[in-house]
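See below for the structure under consideration.
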Amino acid sequence: MTELYKQTPLHAIAAQAGAQFTDVDGWQLSQRFSAVEAETAAARAAVALTDLSANGKITIEGHQLEALTAAVWQATAPAVGAGAAADKAYLWRLRPDHLLVTTAPEDVVATLTRLNRAAAALDGLLTITDLTHGRSELWLVGPASAEVLGRLCGLNFGPAAFPNLAVRQSSVAKTAQIILRRDIGQTPAFALLGAASLGAYLWETVMQAGQDVGLAPLGRQAVLGL
Amino acid sequence: MLNNALYRLEPQAGETIDRAQTFTFTFEGRAVIAHPGDTIASALAAAGVHVISRSFKYHRPRGVMCMAGHCPNCLVQVGDEPNVRACQTPAEPDMVVKPQNVWPSLKKDAMAFTGLFSRFMPVGFYYKTFIRPQAMWPLFERILRRIAGLGKVNPATPPDRYDKQYLHTDVAVVGGGPAGLSAALAAAEQGATVSLFDENPQPGGHWRYALPAPDDGPLPDLAAQAEAHPGITVYPETTVLSCYEDNWLSARRGNRLFKIRAGAVIFATGAYDRPLIFDNDELPGVRFGGAAQRLLRLYGVQPGKRAIVVTANDGGWRIAAGLQAAGVSVVAVVDERPESEAGAVSHVLQADARVFWRHTIRAARGAGAVEGADIAPLDAQVRPQFIAGDLIVINIGLTPANGLLYQAQTKISYNEDRAEFLPETLPAGVFAAGRVAGSHAGATELAEGRLAGRQAAAFLGLAPAPPSAEITALAGQKAAGPKRSSARVDVPGSQKRFVCFCEDVTDKDLETAIAEGFDSIELLKRYSTISMGPCQGKMCAANTIHLCARHTGQSVAQTGTTTARPPLAPVSLGVLAGQNMEPVKRTALDAWHRANGAGMMVAGLWMRPEHYGNPPAEVQAVRERVGLIDVSTLGKLQLTGPGAPDFLDRIYVNKWQKLGVGRVRYGVMCNDEGVVMNDGVTARLSETTWYTTTTSSGAGAIFEWMQWWLQSGWGGEVHVTNISEVNAAFNLAGPRARAVLQKLTDADLLNEAFPYMHVRHLTLAGVACMVMRIGFTGELSYEIHCPTGAAHYVWERLLDAGRDFGIAPFGVEAQRILRLEKAHIIVGQDTDALSDPISADMAWAVKLDKADFLGQRPLRQVAQDGPAQRLVGFTMARPGLVPDEGLQIVRPTAAGPEIIGWVTSSRHSPTLNQTIGLCWLPAPLAGQPGATFTIRMNGKLEEARVHHGPFYDPQGDRLRI
Amino acid sequence: MSFKLIKQAFSSGQPPPMWKPQPLKDRYDVVIIGGGGHGLATAYYLAREHGITDVAVLEKRYIGSGGSGRNTAIVRSNYLTPEGVRFYDESVKLYGQMSEEFDFNVMFSRRGHLTLAHTDGAVRTMRRRAEVNRLQGVDSRLIWPDELARLCPPLDLSDHPRYPVQAALYHPPGGIIRHDAVVWGYARHAVRRGVHLHQLTEVTGITVEKGKVTGVNTRRGRIKAGTVLNVTAGWAGVIADMAGVKLPIATSPLQACVTEPLKPFLDVIIVSGSLHVYISQSDRGELVMGAAVDPFASYSMRGSFSFIEGLAGHMLELFPSLRHVRLMRQWAGLCDMTPDYSPIMGHTSVDGFLVDVGWGTYGFKAIPVSGKMMAQLIATGQTPDLIRPFRLSRFEEHNLVGEKGAASVGH
Amino acid sequence: MILLNCPNCGPRNVQEFRFGGEHNPRPAAPLAVDNAEWTDYLFLKANKLGVQKEWWYHRAGCRLWFLAERHTQSNQVLKTYCWTARPNREGETCVE
């Protein structure tokens with residue numbers, strides 16, 4: 001079903017910004033906006049904004065998160081506020097009874113299956129929900145990402161307060177967002193997961209906030225190259 | 001062109017101007033030469049312009065007095081910007097600077113005549129005038145408003161870029177003078193991250209322009225040390241505006257606003273010159289010691305040619321020496337103190353300078369600017385002696401800049417010995433150092449700064465607390481230190497002595513106000529308007545307390561202070577607003593709607609298509625063929641777990657236990673007052689998974705409402721997850737809906753397989769969707785919920801499939817007509833904050849026999865007593881007449897028209913070609929179909945008739961085809 | 001130019017005091033707790049219309065130190081329910097005659113009050129209010145952007161703002177007044193008619209014997225009284241507790257702010273229903289602005305930064321040209337918030353202990369009529385019809401007044 | 001701007017939260033209580049000038065409803081804790 005096209009909430013804005021699209025797992029994703037080298041350089045030197053809303057986002061509610069994590073990934077569930085790498089997924093503990101699992105677009109279905117199978121074997125209520133389509137996922141990549149976020153959110157983005165592989169939930173540009181930090185190599189990078197309907201507004205607001213530090217759009221190809 | 005060289009001196013050590021470059025700006029139409037680094041006021045002073053503004057009430061001439069942004073006397077209009085402080089605002093090429101509220105010109109201001117009638121304009125005079133005749137008051141008011149106000153707002157002001165930055169710091173140091181710099185260094189040395197804020201271009205505080213006392217020794221270059229220290233971030237040109245709970249500070253730099261959360265705050269905000277009250281104390285040419293030194297040392301400008309220095313401390317003599325060294329002839333130094341109390345000072349003066357001990361100034365003399373001063377002894381009643389001069393320097397004391405300490409809820413009390421209001425009890429995490437805490441010697445300021453820095457680090461647990469012996473030692477050192485401030489606040493005289501420069505309030509006005517009964521400091525302020533102007537009491541608050549104490553016979557401490565309110569310095573709405581951030585929600589089809597002729601409308605945070613050009617045609621499409629509407633804005637909540645049925649039973653008025661898998665039911669939700677909160681359909685997708693929809697506006701609120709009950713005691717084994725945005729939703733409605741849907745799936749869509757009020761998982765054009773057969777529009781309709789990412793694709797496949805069947809998109813307006821034809825209510829429009837479901841004609845949904853549910857008790861009462869008012873349908877006697885929504889239903893009575901209800905919904909129905917609507921009526925009247933009543937329209941009473949049930953397809957057959 | 005002023009101009013002595021200090025007796029027929037507009041007005045009308053002068057007004061700080069001195073002095077009667085409209089309209093009429101009655105210019109400036117509607121729902125509510133008003137003989141009508149542009153040129157009526165203006169409820173008799181002058185006027189004339197005014201006299205307890213109030217304890221000693229009136233908006237619950245009466249009131253701060261004085265350009269009062277902000281320009285040229293009540297209950301009058309940030313953002317949506325205008329001062333007062341946004345006036349379960357509280361964000365508008373009505377209630381023992389809908393017992397009778405629609409967004 | 005210590009997320013600006021009103025438990029059996037007690041639950045408020053027990057909701061954050069004890073004059077928050085008897089972040093059981 002190749003002509004099956006899923007669009008991210010940022011599709012219209014990316015098209016306006018001159019994005020060239022590519023097909024990944026049925027999604028039309030913005031491959032690049034300008035020259036990939038220029039985009040990569042901007043991300044490394046200052047800060048860039050990219051739309052990865054096709055990434056998998058699964059939430060799990062319940063009190064057996066330790067048991068579930070052990071069963072599915074043979075890993076220990078991270079403590080509240082922390083993130084951890086797992087096989088084909090990252091685990092982020094939002095609350096003692098809430099776990100967020102993020103994956104690449106192509107690994108969502110497989111991860112859901114493993115989770116549901118493991119949950120069925122455990123007693124007590126576990127609710128596994130695929131939020132992939134419900135949340136936009138914008139990434140701020142680059143050394144100035146913390147400064148730009150510091151113009152939109154009251155959290156402390158200093159290295160000690162918000163280390164790599166940490167998760168916080170707060171208000172960003174007056175909208176509720178889950179904020180993940182997952183650096184790409186040495187380049188600091190923060191992901192904003194929030195209501196899909198607010199994705200375009202958030203993109204426009206973040207772009208304007210970072211105008212004076214040279215914030216520019218970043219395509220998928222440049223991200224993979226970082 | 002004004003002669004720029006008139007008052008410009010030779011280069012001064014430490015001046016901040018770049019003499020190599022010049023540019024011009026205009027003041028009242030005349031060109032003024034300035035150097036980069038000049039402020040508007042320093043350039044004007046260099047060009048010999050003494051009068052910059054006119055006072056608010058008597059329009060008296062005013063010029064530079066404080067040179068620190070504290071007094072109102074240099075307020076000007078700069079282009080579109082009103083009320084600019086000329087002494088603090090850097091001059092820029094081609095600036096258009098104008099005086100404010102003067103006519104025809106600054107020099108010849110027509111309103112200056114009011115000074116002649118001041119006898120008829122005592123304090124509070126406006127309460128005693130323009131009373132009779134009452135009808136004339138609007139005319140008088142129009143005159144008052146024409147002469148009121150200072151700067152002008154330009155209606156065509158272009159936009160500009162503003163932004164905000166949050167900061168987090170262990171220690172915030174406010175004020176980069178000697179005390180602040182040493183505090184920052186001390187705290188950083190204990191491992192704290194420090195943010196140092198200073199309102200000037202460079203830190204250094206009063207050391208940048210004041211001549212240090214001889215015993216201060218070499219002044220260490222603390223500013224360089226602070227800027228070099230890795231733990232310290234210096235923020236120059238940044239004014240801290242406020243301090244709220246838990247050390248939440250705000251500060252401004254240009255168009256950027258900082259919002260700072262500090263672990264500990266050290267206020268080293270220094271002190272500023274306190275005025276002395278005497279005859280004509282605000283004549284241009286009267287300048288404070290700080291102003292004279294700033295003009296001299298920072299901008300290389302002579303504050304005057306022939307100076308009379310009035311002082312009460314050794315600092316005044318250092319200023320005289322400084323002026324003299326820069327070529328200003330000092331004609332006299334007048335010191336309140338006896339010579340015995342002064343340090344070794346008098347030798348510094350030039351021979352012909354006259355020295356007066358135990359003397360003070362009785363009056364400033366001159367027409368429009370200082371031409372001399374009357375000097376008189378303090379201990380003898382003799383005629384004052386006139387001394388010619390063009391500059392009077394007032395240096396009799398300092399007011400600690402404690403506005404932020406007051407905001408931080410510090411207990412501040414009057415120190416009789418030092419004649420200053422000093423901090424007594426500091427809240428946890430708040431510290432004070434330097435001149436704001438009463439230190440007036442360089443060494444003490446540095447020591448107190450270091451101590452405060454170590455105390456702040458200790459408060460944060462980074463270091464041990466300094467020993468108390470050190471604290472008491474410093475206190476002793478401070479008490480023994482030099483006293484800067486005189487206890488004398490005024491000198492009696494015969495002309496006008498201004499206490500408040502912003503509002504032109506004299507000491508006589510205060511005395512009169514107190515005599516009239518306004519004898520508390522707060523009542524005095526409100527009646528006389530003292531300290532309510534642009535400087536917000538910086539110039540007048542301290543002196544007013546002294547005068548109030550004197551006239552009420554209380555001590556200064558008993559008199560108390562008025563509440564210090566943020567912001568410390570005025571801040572523009574643009575800076576406060578920052579970047580415009582107004583969240584807007586867009587559905588996945590937003591771009592498609594706008595590209596296909598949709599007229600969009602505001603719907604809460606969402607934007608939705610109101611119509612696609614012709615709502616009646618859209619209604620007709622749904623009634624006769626098939627239509628498609630985007631309802632993605634609906635709230636969508638997933639309930640999972642065995643506890644779900646019980647929970648639903650508790651929060652809805654309906655029953656859910658026996659709803660079969662695959663079935664859908666319409667539900668109404670109330671609160672414990674029995675008021676309708678929300679409605680929507682709920683589908684049972686599996687034994688333990690439910691899918692509940694809410695109104696668009698209710699989505700967030702209902703999720704929080706459910707979480708409240710779950711997390712505060714009703715939580716059985718159930719989870720509620722907000723999946724409103726996971727699915728988009730469309731309503732395919734019309735007699736040909738099944739045919740269109742069938743083209744996208746091979747599932748059996750006939751009634752037996754997929755009956756009304758049922759839910760099925762269908763794959764449409766390859767996309768897994770959930771489809772419910774419900775009937776808000778009254779036609780055969782399928783509400784398709786599909787993953788948001790695939791929404792655009794599914795929507796277009798539906799339109800393609802429907803082309804042969806005459807499909808048309810329809811908007812909110814058409815939907816409102818369709819639902820009204822079925823008499824379906826809209827919660828929030830047909831119901832308000834007092835409507836219960838029984839009165840709103842939904843008694844059928846309320847199952848009172850259930851166990852406890854929200855609203856059960858009041859609804860049993862309503863069911864028992866019968867509703868007083870009911871929501872019913874109506875039609876008009878004249879079918880073409882459509883009463884606007886909100887019109888009142890009125891019953892004529894002897895005592896005049898009585899309101900008995902109102903119209904909540906009304907439209908012309910294209911399907912039935914008549915007016916239809918819903919309204920609230922008294923229950924007896926509402927209960928009789930066909931009964932008549934009158935709606936008040938444009939002053940006339942128009943007849944309407946009660947109608948029960950749907951206007952269209954009452955049996956609902958079309959829903960079940 | 002009043003004769004008083006001419007006399008004052010040429011006499012060397014001071015003008016007569018507005019009110020003279022009086023001795024604190026140990027017993028009064030009526031003790032009024034709260035020296036704001038409502039309390040002083042009640043005392044004034046007791047003396048003037050019912051000849052009851054053995055009255056003491058007890059104020060813990062200075063008169064007008066509570067809500068009366070902190071509000072933004074808007075006077076209007078364009079409410080939603082018929083009961084509300086009749087009540088506030090009586091107040092507007094009394095304000096109209098006040099300057100002459102007190103020979104003291106309270107500067108009541110009728111300039112027109114405009115409540116903006118930014119959504120179709122808001123337009124519907126405004127039309128409902130306009131119709132209810134007109135039926136009570138109150139001048140209010142729905143107007144559209146063309147007329148709105150003439151009445152308020154600086155307003156941005158384009159579709160540029162996030163929530164474009166669709167219509168407005170125009171209420172010409174609405175206006176602003178010098179709120180302190182109202183307090184001082186009532187104080188002077190109440191004292192002149194024999195009422196005792198005691199500032200700096202904080203009530204610390206209320207004595208009740210066998211279900212009847214017998215007096216109050218203050219920092220200056222005990223005072224016996226036949227009737228005690230609680231008229232302490234903001235602290236109503238604290239005072240009622242002293243008498244063992246529980247009220248349906250949560251105390252929340254209401255903040256306001258003022259800008260530096262500008263040459264007058266805004267001659268009407270603008271209130272935005274959806275944005276919850278309002279603005280008017282005083283006769284001194286300052287823009288006086290405010291917004292909705294604080295988001296959480298508190299007795300703190302310290303104010304917040306988020307208030308001026310939010311207000312500035314919305315104000316620039318309505319008036320983009322104000323971006324340079326400088327905010328000079330912010331403050332806060334305390335409001336009694338009731339479940340149905342209507343006041344609580346009349347008897348309580350304790351005999352002789354009366355209340356005139358629950359005034360939310362709109363108490364100032366009602367000072368004259370409340371004073372008259374409470375005076376009549378105290379004098380006659382009967383609740384006047386005009387204020388019967390606001391009785392405390394309405395909550396147990398589940399007979400709430402539906403002002404929620406108008407008052408919650410209006411100011 | 002006060003700091004509110006969310007039991008799950010730690011100290012956060014109060015703007016992230018929604019105030020839930022003073023602690024006012026619903027009668028276990030609404031139909032069994034008399035009109036006075038029902039009116040007290042629905043409408044009357046302690047509205048305490050002092051330390052008040054109240055509800056808060058972490059709207060922009062973890063969506064936890066929790067209890068706080070705050071002095072209503074100074075806005076100083078003395079403690080915050082969850083209602084249900086389950087371990088919060090510090091492992092201490094917060095029992096209502």
Side-chain angles (χ1 to χ4, degrees), chain B residues 80-83 119-120 122 125-132 134 141 144-145 148-155 157 159-160 242 244 250 512 515-517 520 522-523 526 534 536 565-567 570-574 576-577 582 602 829 832-834 858 884-888 890 897 899 902 936, chain C residues 1-2 4-5 8-9 14-15 17-19 62 65 69 82 99-100 103-105 109 119 121 124 127-128 131-132 135 154 162-163 180-181 260-265 283-285 302-305 308-309 312-313 315-316 320-331 398 400 402 404-405:
Chain B
D80 295 332
E81 191 169 354
N83 304 332
R119 169 185 299 281
F120 299 100
F125 74 95
Y126 28 82
Y127 296 123
K128 299 166 186 161
T129 56
F130 312 133
I131 294 169
R132 283 181 199 77
Q134 183 72 21
E141 191 189 9
L144 275 179
R145 286 177 73 83
L150 297 173
K152 280 208 248 329
V153 168
N154 168 9
T157 305
D160 197 1
S242 53
Y244 296 94
S250 70
T512 306
E516 288 192 86
S520 77
E522 286 281 0
L523 279 175
R526 289 158 187 274
Q536 284 294 296
R565 292 286 184 188
V571 51
S572 74
L573 295 180
L576 286 172
E582 291 284 348
V602 165
Q829 170 171 339
D832 66 14
L834 290 176
D884 285 325
E885 292 167 346
L887 292 184
Q888 297 297 296
V890 166
I899 298 174
W902 62 290
R936 187 175 176 283
Chain C
M1 187 66 78
S2 81
K4 230 181 342 188
L5 201 56
Q8 182 178 344
Q14 297 296 10
M18 296 275 281
W19 44 78
Y62 58 92
S65 56
S99 291
E100 287 191 51
D103 188 27
F104 190 76
N105 189 349
S109 151
T119 64
R124 195 178 309 118
R127 180 179 296 116
R128 182 177 171 191
E131 289 301 309
V132 168
L135 281 161
R162 169 71 178 84
Y163 299 100
D180 288 320
E260 291 181 332
L262 301 158
K263 297 305 290 179
F265 64 95
D283 286 345
R284 292 155 39 92
R302 194 169 170 181
S304 68
F305 192 65
I308 50 179
E309 283 185 274
M315 205 49 78
L316 292 184
S321 58
L322 296 188
R323 70 179 178 83
H324 283 307
V325 171
R326 283 174 174 71
L327 191 132
M328 179 166 77
R329 180 179 180 80
Q330 72 173 120
W331 68 89
H398 298 290
L400 275 60
K404 197 168 176 62

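Letters A, B, ... mirror the listed sequences (proteins, then strands); counts begin at 1. All values derive from a computational prediction rather than experimental measurement.
Pairing each heavy atom of C:Phe305 with each of B:Ser242, the nearest pair is CD1-OG, 3.9 Å. Shown here for C:Glu260 and B:Pro570, the closest heavy-atom pair between the two residues is OE2-CG, 3.1 Å. Across every non-hydrogen atom of C:Asp283 and B:Ala148, the tightest pair is O-CB, 3.1 Å. For B:Pro155 against C:Ser321, the heavy-atom pair with the smallest separation is O-CB, 3.4 Å. When all heavy atoms of C:Val325 and B:Val153 are compared, the pair lying nearest together is CG2-CG2, 3.7 Å. Considering every non-hydrogen atom in both C:Trp19 and B:Gly517, the closest pair reads NE1-O, 3.5 Å.
Within the 4.5 Å cutoff, the side chain of C:Gln14 has no heavy atoms near those of the B:Glu516 side chain. Using a 4.5 Å cut-off on side-chain heavy atoms (C-beta onward), C:Tyr163 and B:Glu582 make contact. For the pair C:Met328/B:Arg565, no side-chain contact is recorded, criterion being any heavy-atom separation below 4.5 Å from C-beta on. Contact of the C:Ser99 side chain with the B:Gln134 side chain is registered, since non-hydrogen atoms from C-beta on lie closer than 4.5 Å. A heavy-atom distance below 4.5 Å is found between the side chains of C:Leu262 and B:Asn83. Within the 4.5 Å cutoff, side-chain heavy atoms of C:Arg128 are placed close to those of B:Asp832. Within the 4.5 Å cutoff, no side-chain heavy atoms of C:Ser65 are placed close to those of B:Glu522.
Only the side chain of C:Leu316 comes within contact range of chain B, judged by heavy atoms closer than 4.5 Å. Heavy atoms closer than 4.5 Å to chain C are found in the side chain of B:Glu141, but not in its backbone. Using a 4.5 Å cut-off between heavy atoms, B:Thr512 touches chain C through backbone and side chain atoms alike. At a 4.5 Å heavy-atom cutoff, the contact between B:Leu887 and chain C is made by backbone and side-chain atoms alike. If you measure heavy-atom distances from B:Pro159 to chain C, the contacts under 4.5 Å come from the backbone alone. Proximity to chain B (any heavy atom under 4.5 Å) is shown, for C:Pro154, by neither the backbone nor the side chain. Only the side chain of B:Ile899 comes within less than 4.5 Å of a heavy atom of chain C; its backbone N, CA, C and O stay farther away.
A donor-acceptor pair shorter than 3.5 Å cannot be found between the side chains of C:Arg284 and B:Tyr126.
Residues forming a ring-ring contact (aromatic ring centres under 6.0 Å, His included) with C:Phe104 (at least two apart in sequence, or on another chain): B:Tyr127.
Counting only distance, with no hydrogens or angles, the side chain of C:Arg127 and the backbone of B:Glu885 share a donor-acceptor pair below 3.5 Å. Between the C:Arg326 side chain and the B:Pro82 main chain, a donor and an acceptor come within less than 3.5 Å of each other. Although no hydrogens or angles enter the test, the distance criterion places a donor-acceptor pair under 3.5 Å between the side chain of B:Arg119 and the main chain of C:Ala9.
Of all the listed residues (B:Leu523, B:Val890, B:Asn154), the one sharing the greatest number of non-hydrogen pairs under 4.5 Å with chain C is B:Leu523. By number of non-hydrogen pairs under 4.5 angstrom with chain C, the leading residue of B:Pro122, B:Pro534, B:Pro566 is B:Pro566. Options C:Gly121, C:Pro320, C:Ser109 differ in how many heavy-atom pairs under 4.5 Å they form with chain B, and the most are formed by C:Ser109. Most heavy-atom pairs under 4.5 Å with chain B: of the set C:Glu309, C:Met315, C:Met18, C:His398, this distinction falls to C:Glu309. Each of C:Pro264, C:Ala181, C:Gly285, C:Gly313 has some count of heavy-atom pairs under 4.5 Å with chain B, and the biggest count is that of C:Pro264.
Between B:Leu573 atom CG and C:His324 atom NE2 the span is 11.0 Å, to the nearest 0.5 Å. One distance of note links CZ of C:Arg323 with CG of B:Asp160; it measures 4.5 Å at 0.5 Å rounding. For the atom pair B:Thr129 OG1 and C:Asn105 CG, the distance stands at 6.0 Å (nearest 0.5 Å).
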